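For the single chain, residues carry numbers from 1 onward in sequence order. Keep in mind it's a predicted model, so treat the numbers as computed, not measured.
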Amino acid sequence: MKFKKRTHNCGELRISNVDDKVVLNGWVDNRRDLGGVIFIDLRDRYGITQIVFEPTYNGDAHELGKSLRGEFVISIEGKVRKRPPETDNSKIPTGHVDVMVDKLVILNEAETTPFQIKDNVDVSEDIRLKYRYLDLRREKMKNNMLLRHQMYQSVRKFFSIKEFVEIETPVLMKSTPEGARDFLVPSRINKSKFYALPQSPQTYKQLLMVSGFDRYFQIVKCFRDEDLRADRQPEFTQIDVEMSFVDTEDVFEIVEQLMSNLFKDVNGHELKLPIPRFTYEEAMEKYGSDKPDLRFDLEMVTLNEAVKNTEFKVFKDASANGGIVTGLLAKGCGDFTRNQLDVLTEFVKKLGAGGLIWMRVKEEGLEAPIAKFLSDEEKQSIIDSLNAKPGDLIFILAGKKYSTLSIMGSLRLEMARRLELIKPDAEPALLWVTDFPLLEWDDETQRYYAMHHPFTSPRVEDIELMETDPGKVKARAYDLVLDGNEIAGGSIRIHDSKLQAKMFKALGISKEEAEEKFGFLMNAFKYGAPPHGGIAFGFDRLAMLFAGEDSIRDVIAFPKTASGTSLMDDSPSYVSEEQLRDLHIKLR
């Protein structure tokens, strides 16, 4: 049916438009019939305008208007008027006017939707994902998509001003080991061979540095076939950045300027610079995490020195075996009941702890099940180390260093949740974590793995340790953390083929495997590779945090479920025998 193109959108009309003749297009958001006069809230992505069907104003339009229901798509022509005082609505920008309808065209009728197109509607996520095109009509979801768009524009504008070049890299590439499983794509033309979808453009952006494009960025799709969580998807978006002739300070400077711009552009917040820095060791010992949440003050304290002369077996064994004794002070929690303490003990046991040591701080000293095993000097030393006061509660864990710190870090977050320490209006807490171990040992496979990726450069002063004591080598790597979430990670890269060969050797990658997997990169380094480094942002996670959501699925237009499926279009799906034959594939 013919209709006129809109003259205004549904968020545009104001008092200044009174008496204007207008055409509006949109969806019926709400319908009210008040004694023959029909009020419709007409919605598009820009807002809502109230339109009015009145029998004495235009009988034909009013008669047709009786058939309107929620989510019908319509076009109307009419005249803008100032709303009567009793219907004035200052809560929306268009709330001081409405449109008296002269003509109505129903462009499409709509069946009753599976859920109301309203925010805070009580509906399961599976239903929302199955009907995602309806879910995206909701105000909250629409705003999330617009925020994401705004972030895209801010990022591109910033990097363009800074003379970065946006270059697309291939989506069909060579399969290389980067930690997670590759998504593989069979080649019809090259029988028995496969492409991989990129887990990141890592090798390509390093090759671009060899090519002389000294400042590169890309907003890019990446793919990892891994187990999913609320903040993971099989396909995700990165802000990918690489620079030549730089050191860590140059990367930090660019990233901090980018974050300052993003906060200002997206929510008008003035970010305090420079961003604080913690080494990996500091972050683990103080917060039990390499992505600590600093929106609250709970800090862990290492107690090895305080109990260095103890005969208490748990503490003594931990210290003797190179482990750690770590404490956490819960201010004012000395009145926690035995039941509350038992629940917290079970919490840490499920994470792998043997148990939880707790101590109530009293005027006369410490009250604790293990108090009889500690000397008065040791008790006072624990109190002093934690700066504890009567009425406080102390938690202590002891064992292998990093696993014990990680468990205490989880308890720290649990106590913050129980004590409601994270306020809704808390300042965003950004920090850098630096000096990660280059390699981490895996007991199951009895080999080292790259903590970041195999192209990360070791600290210059640690290179000689790569063959003698690789576990002690620190990386020139860094992560950016926001409110307890890692939002970006990067490093200065290895740009020398000899050093890269040492890295492969430390990882147990043979010369033959290295040549097969990465020979193209190593060959490129032989022709003059500049020193280079970069960083990659998890764009979806960043958008989630800016939007105040708990899941990245709420800032992705068409996400997958936690099992990697799309309920809307039923993917992944079976394919025909003919398609499989073309690809030389036979299913077992």
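- Side chains of Gln218 and Tyr216: a donor on one and an acceptor on the other come within 3.5 Å.
- Crowding of Glu486 atom CD: a count of heavy atoms from other residues, nucleotides or ligands under 6.0 Å exceeding 12.
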Problem set entry | Working for salt bridge (Lys or Arg N to Asp or Glu O under 4.0 Å), residues Lys103 and Asp60 | CA-CA 8 Å; Lys103 184 178 179 181; Asp60 292 340; over 6 Å; no
For this session: Quick one: do Met151 and Leu262 satisfy side-chain contact (heavy atoms from CB on, under 4.5 Å)? Show the steps, please.
Result: CA-CA 7 Å; Met151 291 175 65; Leu262 266 176; 4.2 Å; yes
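- In this structure, Asn190 contributes its side chain and Lys193 its backbone to no donor-acceptor pair below 3.5 Å.
- A 6.0 Å sphere centred on CD of Glu163 holds no more than 12 heavy atoms belonging to other residues, nucleotides or ligands.
- Using a cut-off of 4.0 Å between Lys/Arg side-chain N and Asp/Glu carboxylate O, Glu577 and Lys586 are scored as not salt-bridged.
- A donor and an acceptor atom, one from each side chain of Asp479 and His452, are located under 3.5 Å apart.
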For this session: With salt bridge (Lys or Arg N to Asp or Glu O under 4.0 Å) as the test, would you mind laying out the steps for Asp554 and Arg128 before giving the verdict?
Result: CA-CA 10 Å; Asp554 284 333; Arg128 286 176 52 211; 2.8 Å; yes
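- More than 12 heavy atoms of other shown residues, nucleotides or ligands fall within 6.0 angstrom of atom CZ in Phe72.
- Look at Glu166 and Lys205 and you find no salt bridge, because none of the NZ, NE, NH1 or NH2 atoms lies under 4.0 Å from a carboxylate O.
- Salt bridge annotation for Arg181-Glu226: absent, with no cationic side-chain nitrogen under 4.0 angstrom from a carboxylate oxygen.
- The ring pair (Phe, Tyr, Trp, His ring centres under 6.0 Å) search around Tyr287 returns Phe278, not counting sequence neighbours.
- Side chains of Arg148 and Tyr152: a donor on one and an acceptor on the other come within 3.5 Å.
- Heavy-atom neighbours of Tyr133 OH from other residues, nucleotides or ligands within 6.0 Å: above the threshold of 12.
- A salt bridge links Lys66 and Glu63; the closest N-O separation between the charged side-chain nitrogens and carboxylate oxygens is under 4.0 Å.
- Close placement of the Trp432 and Phe252 rings is indicated, their centers lying within 6.0 Å of each other.
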For this session: Apply side-chain contact (heavy atoms from CB on, under 4.5 Å) to the pair Lys79 and Val22, showing each step before the final yes or no.
Result: CA-CA 6 Å; Lys79 185 178 181 180; Val22 298; over 6 Å; no
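- Side-chain contact, Ser260 with Gln257: no donor N or O sits under 3.5 Å from an acceptor N or O.
- Judged by distance alone, the side chains of Ser410 and Arg412 never bring a donor and an acceptor atom under 3.5 Å apart.
- Thr456 has its side chain out of reach of Phe436: every pair of non-hydrogen atoms, C-beta onward, lies at least 4.5 Å apart.
- Side-chain contact check for Ser154 and Asp265: at least one donor-acceptor pair (N or O, by modelled atom type) lies under 3.5 Å.
- No side-chain donor-acceptor contact under 3.5 Å links Asp41 to the backbone of Ile48.
- Ionic pairing of Asp98 and Arg81 is present here: one or more N-O contacts between side-chain nitrogen and carboxylate oxygen are shorter than 4.0 angstrom.
- Remark: the backbone N or O of Asp102 is paired with a side-chain donor or acceptor of Asn58 at under 3.5 angstrom.
- Smallest separation of non-hydrogen atoms from Glu12 and Asn9: OE1-N, 3.0 Å.
- At least one donor-acceptor pair closer than 3.5 Å links the side chain of Ser289 to the backbone N or O of Lys291.
- Around atom NE2 of His149, no more than 12 heavy atoms belonging to other residues, nucleotides or ligands sit under 6.0 Å away.
- Residues Glu549 and Ser551 bring no donor and acceptor atom of their side chains to less than 3.5 Å of each other.
- Looking at Thr248 and Arg277, their side chains never bring a donor and an acceptor atom within 3.5 Å of each other.
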Identify each donor-acceptor pair in which a side-chain atom of residues 557-572 lies under 3.5 Å from a protein atom, sequence neighbours left out, and give them as a table.
unit_1	atom_1	unit_2	atom_2	d
Lys560	NZ	Glu235	OE2	2.7
Thr561	OG1	Ser563	N	3.3
Thr561	OG1	Ser563	OG	3.0
Thr561	OG1	Thr565	N	3.3
Thr561	OG1	Thr565	O	3.4
Thr561	OG1	Thr565	OG1	2.9
Ser566	OG	Asp569	OD1	2.7
Asp569	OD1	Ser571	N	3.4
Asp569	OD1	Ser571	OG	3.1

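- Between the side chain of Asp119 and the backbone N or O of Lys140 there is at least one donor-acceptor pair closer than 3.5 Å.
- In this structure, the separation between CD1 on Ile74 and CG on Leu42 is 5.0 Å, given to the nearest 0.5 Å.
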Problem set entry | Worked check of salt bridge (Lys or Arg N to Asp or Glu O under 4.0 Å) between Lys21 and Glu77 | CA-CA 7 Å; Lys21 289 283 189 178; Glu77 296 178 46; over 6 Å; no
Problem set entry | Steps toward side-chain contact (heavy atoms from CB on, under 4.5 Å) verdict (Leu136, Met141) | CA-CA 5 Å; Leu136 290 172; Met141 291 301 298; 4.1 Å; yes
For this session: Take Glu242 and Leu208 through the side-chain contact (heavy atoms from CB on, under 4.5 Å) test and state the conclusion after the steps.
Result: CA-CA 9 Å; Glu242 198 77 4; Leu208 286 170; over 6 Å; no
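- Residues Phe263 and His269 place their aromatic rings such that the two centres sit under 6.0 Å apart.
- For Arg83 (side chain) and Val97 (main-chain N/O), a donor-acceptor pair under 3.5 Å exists by modelled atom type.
- Looking at Arg137 and Glu71, a side-chain N of the basic residue comes within less than 4.0 Å of a carboxylate O on the acidic one, giving a salt bridge.
- If you check the side chains of His8 and Arg14, you find no donor sitting under 3.5 Å from an acceptor.
- Side chain to side chain, Gln579 and Arg188 fail the donor-acceptor criterion of an N or O pair below 3.5 Å.
- Side-chain N/O atoms of Glu54 and His62 include no donor and acceptor closer than 3.5 Å.
- Aromatic pair Phe236/Phe539: centroids not less than 6.0 angstrom apart.
- Between the side chain of Asp240 and the backbone N or O of Phe217 there is no donor-acceptor pair closer than 3.5 Å.
- Glu139 has a carboxylate O that lies under 4.0 Å from a charged side-chain N of Lys142, or vice versa, which qualifies the two as a salt bridge.
- At a threshold of 4.0 Å, the pair Arg295-Asp293 counts as salt-bridged, since one of the basic side-chain nitrogens sits closer than that to a carboxylate oxygen.
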